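Letters go in sequence order (proteins before strands), and every chain restarts at 1. Just so we're clear, the structure is a prediction, and the values are computed from it rather than from any experiment.
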Amino acid sequence: MSTNEASATPASLNFIEQIVENDRANGKNGGVVLTRFPPEPNGYLHIGHAKSICLNFGLAQQYGGATNLRFDDTNPLTEDTEYVDSIMEDVRWLGFQWQGEPLYASDYFDQLYAYAIHLIKAGKAYVDDSTSEEIRRMRGTPTEPGEHSPYRERSVEENLDLFARMKAGEFPDGSKVLRAKIDMASPNMHLRDPIMYRIIHAHHHRTGDKWCIYPMYDWAHGQSDAIEGITHSICTLEFEVHRPLYDWFLDNLPPFDPRPRQIEFARLNLSYTIMSKRKLLQLVRENHVAGWDDPRMPTISGLRRRGYTPASLRNFAERIGVARRDNVIDVGLLEFSVREDLNKTATRVMGVMDPVKLILTNYPEGQTEEMMIENNPEDPNGGERAVPFSRELWIEREDFKENPPSPKKWYRLGPDRMVRLKGAYIIKATDYVKDPETGEITEIHAEYIPESRSGNDTSGLKVKGTIHWVSVDTALPVEVRQYDRLFSDPDPGGHKDRDFLEFLNPDSLRIISPAYLEPSVKGAQPLDHFQFIRKGYYCVDRDSTADKLVFNLTVGLRDNWAKMSQK
RNA sequence: UGCCCCGUGGCGCAAUGGUAGCGCAUCUGACUUUGGCUCAGAGGAUGCAGGUUCGAUUCCUGCCGGGGCAUCCA
């Protein structure tokens, strides 16, 4: 039945792509693919939304279609324009462009109202005066059928009148609702006369005070899809049981062409993080983090500030795939994705986080040199930069050990040991100075090998280790924010009897100030990415000022040495 | 114990009636002026029990396990 569509290399399709290809093969909707991304503007977007965005926009792109951005703003009590703005920024930043202007479910309130009247006239919707408690009680339970509301058999005329007066504002909040008349005995709870409208006398961020009745999700969403001509309405699995209702509304309204089809997929779960909007909001409100875009947050804005790139997020979304089974993605995969991208693009630079002074005793005092070092060995066109070198250097404290534990495997500095200073000379440690009180090493002495200069090394020496360094005179002091995962538990939100806040990692942020960087980074701008050689990827934070740069650790480099030494 | 969905290496995702494959992770080895990168290789899986079939990951039945559904939230 299927012909070899495009190429000889049939990339395997996810189940949604299969549905779309089937539809196109059958000529459904004239082959058009129109998807939508429908966030509720009541919070910031997170990495789970990124999956959905990539899915919806990616699918449309793949099949020559388009994607609408539609704000599902049917609950004025929780929604706000602050969120609208951040959502648009995040979608754009991820690299996607929606079709036309942003859309709003509230744009369709008039149309929805007319459709509701259509259902009332058909005897398929009624006004119910029951209280919310009564409605809840009469709905039954998943194992027991519900019972009919005493108001269920009101006449069409009475329903029309009451509904008009609901809209006109004659009744207080909660006093009446409009319900679809379906089946109070349905095994599907969502079909037990679902509520279509409730009365809320509240100011709406777009429609102002025009309305005091607001449509429920089920009533607004599918009809919005239909009005826009959405072909494939993709949502997460928890809406699966809503699908019969989605279809019921479509079946009982004048026909739409195209008629949207709801397709559900499994939402993203990431280890060591929470994705619940409610919990994310709590972290922000209770100041456990410094805001929605705190670099430890799984929000798109947080990841951006942390140093994640749009490409890395898109690749991540591609890699995790799309299916219908519950899943937990290892946060390591997200980290892999950003390393993969940054490795190709980030300028290499040297920075010392935990400095100890290295003095080259045979290097002339007052002498300096400029070492030319490649900006990115992965990028042949990346060019090189000059890095000042002198007699006194900062090196990483952990790169010198008085007594290396397993000497044969220790490639770095120690008494009488030789290493290469990246892009400069080979040196040999000759001596070191300790603080008599603390026992801490305060100074390391070494001799450099003049013939070993990088680029024209005639020394004939071979060393296993290369370490990074920064010249003391010209070192640029900066602040470095070393981020670690926000939670110490793989599933912080998954414990029945323990609050997720108990798993907050107390060491999720460690501030290093000063760290010393080579002077070439001076003038770097927020969101500029660097690799601090042998350390990790870092990104300039917007807290940077003219006299002090602030860097966020995006992710550390893979560290096989750390892995080895743990064993 | 009602209805719906889902069970493939440690974690994701393929294979849709014809030799179970890919990515990440793990472990070797090579290379390396980043213990990064790259390259080469290795180990490891169809929840269980029946049935249909020449042949089931795939189709059917039962069981087991996981998830969802009882907001005037989305």
Using a 4.0 Å heavy-atom cut-off, does [X] contact any base of the nucleic acid, only the sugar-phosphate backbone, or nothing at all?
| X | value |
| --- | --- |
| A:Trp410 | base |
| A:Phe239 | base |
| A:Thr131 | base |
| A:Thr236 | nothing |
| A:Pro377 | base |
| A:His242 | base |
| A:Asn14 | sugar-phosphate |
| A:Gly556 | nothing |
| A:Gln531 | base |
| A:Val177 | base |
| A:Val322 | sugar-phosphate |
| A:Lys535 | nothing |

In whole angstrom, give me the gap between the [atom1] atoms of [N] and [M].
| N | M | atom1 | value |
| --- | --- | --- | --- |
| B:C63 | B:U1 | P | 11 Å |
| B:C39 | B:A25 | P | 13 Å |
| B:C59 | B:G67 | P | 24 Å |
| B:A42 | B:C48 | C1' | 31 Å |
| B:G29 | B:G36 | P | 14 Å |

Item to check | All ring pair (Phe, Tyr, Trp, His ring centres under 6.0 Å) counterparts of A:Phe239, not counting sequence neighbours | outcome: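 Partners of A:Phe239 under the ring pair (Phe, Tyr, Trp, His ring centres under 6.0 Å) test: A:Tyr217, A:His242.
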Checklist outcome for this item: Sorted by chain and number, sequence neighbours left out, ring pair (Phe, Tyr, Trp, His ring centres under 6.0 Å) with A:Tyr516 holds for A:Trp394
Under 3.5 Å, N/O pairs linking protein and nucleotides 1-6 of chain B:
{"residue": "B:G2", "atom": "N3", "partner": "A:Pro142", "partner atom": "O", "Å": "2.9"}
{"residue": "B:C4", "atom": "O2'", "partner": "A:Glu240", "partner atom": "OE2", "Å": "3.2"}
{"residue": "B:C5", "atom": "O4'", "partner": "A:Glu240", "partner atom": "OE2", "Å": "2.8"}

Rounded to the nearest angstrom, tell me the gap between atom [atom1] in [X] and atom [atom2] in [N].
| X | N | atom1 | atom2 | answer |
| --- | --- | --- | --- | --- |
| A:Asp491 | B:G10 | CG | P | 19 Å |
| A:Tyr411 | B:G36 | OH | C1' | 14 Å |
| A:Glu318 | B:A14 | CD | P | 11 Å |
| A:Glu264 | B:G67 | CD | C1' | 14 Å |
| A:Phe15 | B:A15 | CZ | P | 12 Å |
| A:Ile135 | B:U71 | CD1 | C1' | 11 Å |
| A:Met216 | B:A70 | CE | C1' | 13 Å |
| A:Glu238 | B:C69 | CD | C1' | 11 Å |

Ring centers of [X], [Y] separated by less than 6.0 Å:
| X | Y | value |
| --- | --- | --- |
| A:Phe551 | A:Phe532 | yes |
| A:Phe530 | A:Tyr537 | no |
| A:Tyr104 | A:Phe71 | yes |

Item to check | Under-3.5 Å donor-acceptor pair between A:Arg534 side chain and B:U34 base | outcome: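 No, the side chain and the base share no sub-3.5 Å donor-acceptor pair.
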Next on the checklist: So for A:Thr466 and B:U34, does any side-chain atom that can act as donor or acceptor lie under 3.5 Å from a complementary atom in the base?
Outcome noted: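 For A:Thr466, whose side chain was compared with the base of B:U34, there is no donor-acceptor pair (under 3.5 Å).
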Item to check | A:Met275, A:His46, A:Arg285 screened by side chain to side chain contact (heavy atoms under 4.5 Å, CB included) with A:Leu280, the one that passes | outcome: A:His46
Given [options], identify the nucleotide with an atom nearest to the side chain of [X].
| X | options | result |
| --- | --- | --- |
| A:Thr141 | B:G12, B:A70, B:C24 | B:A70 |
| A:Trp561 | B:C24, B:G35, B:A74 | B:G35 |
| A:Ile533 | B:U34, B:A25, B:U33 | B:U34 |

Checklist entry - Could A:Lys422 and A:Trp469 be counted as a cation-pi pair, given that NZ or CZ must be under 6.0 Å from the ring centre and within 45° of the axis? => result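 Because its charged atom misses either the 6.0 Å distance or the 45° angle limit, A:Lys422 does not stack over A:Trp469.
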Next on the checklist: Please compare A:Gly423 and A:Asp218 by the position of their nearest nucleotide in RNA chain B and report the one closer to 5'.
Outcome noted: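 Its nearest nucleotide being more 5', the pick is A:Gly423.
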Checklist entry - Between A:His190 and A:His221, who's closer to the 5' end of RNA chain B by nearest nucleotide? => result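 Its nucleotide being nearer the 5' end, the pick is A:His190.
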Checklist entry - Is any NZ, NE, NH1 or NH2 atom of the basic residue among A:Arg36 and A:Glu228 found under 4.0 Å from an Asp or Glu carboxylate oxygen of the other? => result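 Salt bridge flag = no for A:Glu228 with A:Arg36.
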Item to check | Test: A:Arg324 and A:Glu264 ion pair at under 4.0 Å | outcome: yes
Item to check | Check against side-chain contact (heavy atoms from CB on, under 4.5 Å), A:Val177 and A:Ile135 | outcome: CA-CA 10 Å; A:Val177 292; A:Ile135 288 178; 3.8 Å; yes
So which protein N/O to nucleotides 37-40 of chain B N/O distances come out below 3.5 Å?
{"residue": "B:C37", "atom": "O2'", "partner": "A:Asn343", "partner atom": "ND2", "Å": "3.2"}
{"residue": "B:C37", "atom": "O2'", "partner": "A:Glu378", "partner atom": "OE1", "Å": "3.1"}
{"residue": "B:C37", "atom": "O2'", "partner": "A:Glu378", "partner atom": "OE2", "Å": "3.3"}

Item to check | Pairing annotation in dot-bracket form, given for RNA chain B with Watson-Crick or G-U pairs under 3.5 Å and | for cross-strand partners | outcome: .((((((..((((....[..)))).(((((.......)))))....(((((..]....))))))))))).....
Measure all distances between protein nitrogen or oxygen atoms and nitrogen or oxygen atoms of nucleotides 42-47 of chain B, and list the pairs falling under 3.5 Å.
none

Checklist entry - Is there a side-chain contact between A:Val349 and A:Arg385 (heavy atoms, below 4.5 Å)? => result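 With C-beta onward as the side chain, the pair touches.
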Checklist entry - Given the rule in the salt bridge (charged side-chain N to carboxylate O under 4.0 Å, His left out) test, do A:Asp107 and A:Arg206 qualify, once you have shown the distances and angles that lead to the verdict? => result CA-CA 9 Å; A:Asp107 292 342; A:Arg206 297 208 97 219; 3.1 Å; yes
Checklist entry - Going through the distances and angles, do A:Glu396 and A:Arg412 end up as a salt bridge (charged side-chain N to carboxylate O under 4.0 Å, His left out)? => result CA-CA 11 Å; A:Glu396 213 69 67; A:Arg412 284 122 93 157; over 6 Å; no
